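What follows is a single structure, written as structure tokens, with notes after it.
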Amino acid sequence: MEDTSWALNRNLRLADWREGDAIAYLGDSGDLHVINELTRKILGIFQSGPLTLGELSERMSFLTTHGEDPHYLGRQVVQLESLGVLYALSAERESITPLKIKR
Amino acid sequence: MNIPTKSYQIGPFSVAVSTDVAEIDRGIESFYQGFKPVNAKFFDFHISLEQPRGVRRWFRPQIDFVFDGIRPFKPLPRTQGLALFEWGLNWCITNHCHEYLTIHAAVIERNGFSLILPAPPGAGKSTLCAALVCAGWRLLSDELALINLEGANCIAPLARPVCLKNESISIIKQASPSSRFGKTCTGTNKGDVAHMMAPASSVELIDECAVGRLIVFPRYIANSKTILTRRSKATTFFEMARQSFNFHVLGSKGFEALESVVTRSDCYDFEYSNLDEAIELMTELSDQQLVSGVSTEELI
């Protein structure tokens, strides 16, 4: 069965079923956050690799030209930032590995 | 006075229980007949149900739940002693057993796949659980889903009696006259309460874990149609975590265990008022798992 649980950094786990919303879990506080589909798409952009500002702008523009509200887009980026995802991706990019589920 | 202690292996837990009230003693014995006695000096829980000293021993008699010498609750009327034992044992498990992720849910099994019914009190979880058990499903638990943290997606059975309240008691008694019930406790905080004993077939399989496959959030709504709707895994995860007693205690281990069960399960919301239709639909859902060709090994 495909892995659906990811460790984005030491503190942040993501359960992503590739359909609908995902769940983010913050280890230090024990908080759960719902990551909606749009946020998942944005996360996918950030996860795709190191991007120049131009590339980032281009991919974000792709989402807005495909019906997403730019203001809403901004809110999702803020959510990712508040969860520490953006920091995790920039500072610990090398350590991002899928979390293997014990079987 | 030296009160004899009885011991039972209830699923993964060893319980030593003693009481100085003959009626409660007989009730517990009938609830747990078929459970193996424990030949050990160590028990997970030492419980006694004791009559208080003083006037309450005779006037409007009461009973105390004593756990390791501590009285965690106010005494209840002596006639509610059996219900107090069951509620107290739930409290012992949810507060002390963190080797499992414990969720407020009924769990039953058919064809090797388990059906988890998480729900807040009053949603109709126990009634549906009892009806399915009477229809031949195996009872794992009416109240607590114990999800194993080591072997992911494995649910440990308890096979304790199903706690039914108010109208549910007569509904299940009528639906299944052969099922065995304890004495009805009247006037409790939850109204009238009666316990339906676990079938012998469920008690025999108490050492066998079940694999999570279906998660259904039941809701009894009077005169409603029988409606089963798909539910997203994210909202299922969120609600299961909310219904958990120790998700916050277990940290990332709890997250991994719950994620494993939710990932491998089909998730639904379920509204019902007609028990026959509900049984038919749940049985159909269970049969679909066989048709889908997924084996229990693939889900562990």
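Order of the sequence lines sets the chain letters (A, B, ...), proteins ahead of strands, with each chain counted from 1. A quick note: this is a predicted structure, and the numbers were derived from the prediction, not measured. Both backbone and side-chain heavy atoms feed into the values below; hydrogens, waters and symmetry mates do not.
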- Query: Contact part of B/Ser252 toward chain A, heavy-atom cut-off under 4.5 Å: side chain, backbone, both or neither?
  - Reply: both
- Query: Salt-bridged, B/Glu256 to A/Arg13, with N to O below 4.0 Å?
  - Reply: yes
- Item | Part of A/Leu26 within contact of chain B (heavy atom distance under 4.5 Å) | neither
- Message: Would you say that more than 12 heavy atoms from the other residues, nucleotides or ligands in this model lie under 6.0 Å from the CZ of B/Arg219, or not?
- Response: no
- Item | Heavy-atom closest pair, residues B/Ala241 and A/Leu32 | CB-CD1, 3.6 Å
- Has A/Asp28 got more than 12 heavy atoms of other residues, nucleotides or ligands less than 6.0 Å from its CG? yes
- With under 30° as parallel and over 60° as perpendicular, where do the rings of A/Tyr25 and B/Phe255 fit, or are they tilted in between? parallel
- Message: Rounded to the nearest 0.5 Å, what separates atom NZ in B/Lys233 from atom CG in A/Asp16?
- Response: 12.0 Å
- Check whether A/Ala15 gets within reach of chain B through its side chain, its backbone, both or neither, counting any heavy atom under 4.5 Å. both
- CD/A/Glu55: more than 12 non-hydrogen atoms of other groups inside 6.0 Å: yes
